[in-house]
> 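Questions regarding the structure given below will be posed in turn.
Here is how names work: the chains are called A, B, and so on, in the same order as the sequence lines, proteins then strands, and each is numbered from 1. FYI, side chains are in, hydrogens and waters are out, and symmetry mates aren't considered; it's all heavy atoms of this structure.
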There are 2 protein chains.
Amino acid sequence: MTTPAPRRPRQDAVDNRAGILSAATTAIAHDPQASIDTIARSAGLSRRALYGHFADRNALVTEIIDAGAERFNRIALSVTDPDAQLALARLTSLLWQEAAHVQVAASIALDDAHLASTGKALAPLRAAVAAILQRGQDDNTLRTDVDVATLARLVEEAARAAITRVDAALPEARSLAVRTTLSMAGLSWRETVALLEQHPEILGDPAADAAPATDVER
Amino acid sequence: MTTPAPRRPRQDAVDNRAGILSAATTAIAHDPQASIDTIARSAGLSRRALYGHFADRNALVTEIIDAGAERFNRIALSVTDPDAQLALARLTSLLWQEAAHVQVAASIALDDAHLASTGKALAPLRAAVAAILQRGQDDNTLRTDVDVATLARLVEEAARAAITRVDAALPEARSLAVRTTLSMAGLSWRETVALLEQHPEILGDPAADAAPATDVER
DNA sequence: AATAACTTGCACAGTACTGTGCAAGTTATT
DNA sequence: AATAACTTGCACAGTACTGTGCAAGTTATT
């Protein structure tokens, strides 16, 4: 006998799998301990069907973490401003756009059960942040009263607070996240406001082209 | 028949009750979902005995929240500096001393199950913080690019981050908590360092009376 | 010394899950 | 139209708890 026809997965199954991941992302962002039943039902499936797509809860959570982490790490690599203040501002602004996924990371990252795997997945992002902060300390554009490792943690927490504890629907939410992060990095609020006025493209304002002194490479 | 002799509780029972509260404070700070068994055993008692002192898990948690909140609220009332920057610095410094209790509050406050009761208990503290921030915005000594309510949340999160995410055993932990809070309130890190140099008593350093210009950088 | 107060250990009922097996259905693909 | 792939619903075993009752033991207080 030959190999049994290797048919590829049915389209509805592919969609359902994606639906589960999406539902789980939302549900877990809301409550890291959301039950399998809650997730399955909010994806329009039975609990039993979910186990046809994921071996167990951990497999599902791991896949969400990895997917989210990959987006973050990709963003981190895309930020290349030599100026540390600008780099930190741009990174925060870009990450904010991924708010839904960031919230998952924020929730799971605080969950002891997955601390280790989350940490590994986010390593590139954290390395990028540490590099930016180190650069800023070296040329004295960011605070030097805290060592880089501690500063990285504080900046991460500040960003997390701004993203998870402020209504993302507010028009100034994104700007607030950026200003919060820069505050934690040592700038006064006036410096931060001035910086963002000089670089309106950081906040992705489409009507910001006509701004006075915009001269940043693309 | 007369009333059955109203004897007061035995000393060992009083001690055990206090021991449970103390063990629960520590355990819950570490993990808000710590089980009754874990708490009872770490207090050196059986799970069954704990139920002799508290009706259920909620009664225990409520008592911890209320006790912690009372300490915080008392501290908040004791801070009377007219200068908003100083007031915020002193408040943070004093609260930091209650680290163990702060950590419980930090953990429980993030726990949806007790969000409401924690909020009610901490209302006086939050009102005091809001008053300080409002004062600082009125006389332009704190940032005015964020409304008071949002700023209060961000400052609270910054303090929480500095207290829970940094090793409290480090000698500079307390100073760090204060600097973090002031950063979030809009000051640059240099302004913060200067403020603390001018008011060494805020950090409660006993040998800081004569200190002219202690270098904070390392 | 007497005794009320307290603690322990065990059994038990209840809750809220996770993960698996299986038969009976439904649906996409060939 | 045939069929492999998928989903459902149900039953079941297992885990990790919470909270209660009760008998037997221990300890502080009178």
> Starting at atom CD of A:Gln11, determine the distance to atom P of C:dT30, rounded to an integer number of angstrom.
11 Å
> Could you go step by step and tell me if B:Glu98 and B:Arg74 meet the salt bridge (Lys or Arg N to Asp or Glu O under 4.0 Å) rule?
CA-CA 12 Å; B:Glu98 300 280 304; B:Arg74 200 186 301 280; over 6 Å; no
> Which residue lies toward the 5' end of DNA chain C, B:Asp12 or A:Arg57, if each is placed at its nearest nucleotide?
B:Asp12
> Looking at A:Glu157 and B:Arg160, is any side-chain nitrogen of the basic one under 4.0 Å from a carboxylate oxygen of the acidic one?
no
> Is the distance from OP1 or OP2 of D:dC6 to the nearest side-chain N or O of A:His53 less than 4.0 Å?
no
> Hey, is the side chain of B:Asn16 poking within less than 4.0 Å of OP1 or OP2 on C:dT7, counting only N and O atoms?
yes
> Any donor-acceptor pair under 3.5 Å joining the side chain of B:Arg47 to the base of D:dG19?
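When only heavy-atom distances are counted, B:Arg47 does reach the base of D:dG19 through a donor-acceptor pair under 3.5 Å.
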> Tell me which of B:Arg10 and B:Ser35 sits closer to the 5' end of DNA chain D, going by the nucleotide each one is nearest to.
B:Ser35
> Using whole Å, what does the distance between atom P of nucleotide C:dT29 and atom CZ of A:Arg8 come to?
7 Å
> List DNA chain C stems (3 or more consecutive Watson-Crick/G-U pairs, under 3.5 Å)?
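Looking at DNA chain C, the stems formed by three or more consecutive pairs are C:1-30 with D:1-30.
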> In terms of the nearest nucleotide of DNA chain C, which residue is placed more toward the 5' end: B:Gly44 or A:Arg48?
B:Gly44
> Given atom OH of A:Tyr51 and atom C1' of D:dT8, what is their separation to the nearest angstrom?
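After rounding, the reported distance stands at 16 Å.
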> Taking the nucleotide of DNA chain D with the closest heavy atom to each, which residue, A:Ala49 or B:Asp37, is nearer the 5' end?
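Counting from the 5' end, the first nearest nucleotide belongs to A:Ala49.
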> I need the CG-P distance between A:Asp15 and D:dC6, as an integer number of Å.
12 Å
> Walk me through whether A:Glu156 and B:Arg165 qualify under salt bridge (Lys or Arg N to Asp or Glu O under 4.0 Å).
CA-CA 11 Å; A:Glu156 184 178 330; B:Arg165 311 280 290 174; 5.2 Å; no
> Have B:Arg179 and B:Ser183 got a donor and an acceptor in their side chains that come within less than 3.5 Å?
no
> Just the rounded figure in Å: distance from C1' of C:dT20 to CZ of A:Phe54.
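That distance rounds to 18 Å.
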> In this structure, how many angstroms lie between the P atom of C:dC17 and the CG atom of A:Leu50, rounded?
15 Å
> Among C:dA5, D:dT18, C:dT30, which is the nearest nucleotide to the side chain of B:Ile36?
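The answer is D:dT18.
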> Starting at CZ of B:Arg17 and ending at P of C:dA5, how long is that distance when rounded to a whole Å?
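One finds 17 Å between P of C:dA5 and CZ of B:Arg17, rounded.
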> Just wondering, do B:Ser42 and B:Thr26 contact through their side chains at under 4.5 Å, heavy atoms?
no
> Start with the C-alpha distance between B:Ser35 and B:Thr38, add both sets of side-chain angles, then the distance that settles side-chain hydrogen bond (donor to acceptor under 3.5 Å, both in side chains), and finish with yes or no.
CA-CA 5 Å; B:Ser35 77; B:Thr38 302; 2.8 Å; yes
> Can you check the B:Asp56 CG to C:dG14 P distance for me, whole Å?
19 Å
> Taking the side chain as every heavy atom from C-beta outward, state whether A:Asn58 and A:His114 have any atom pair closer than 4.5 Å.
yes
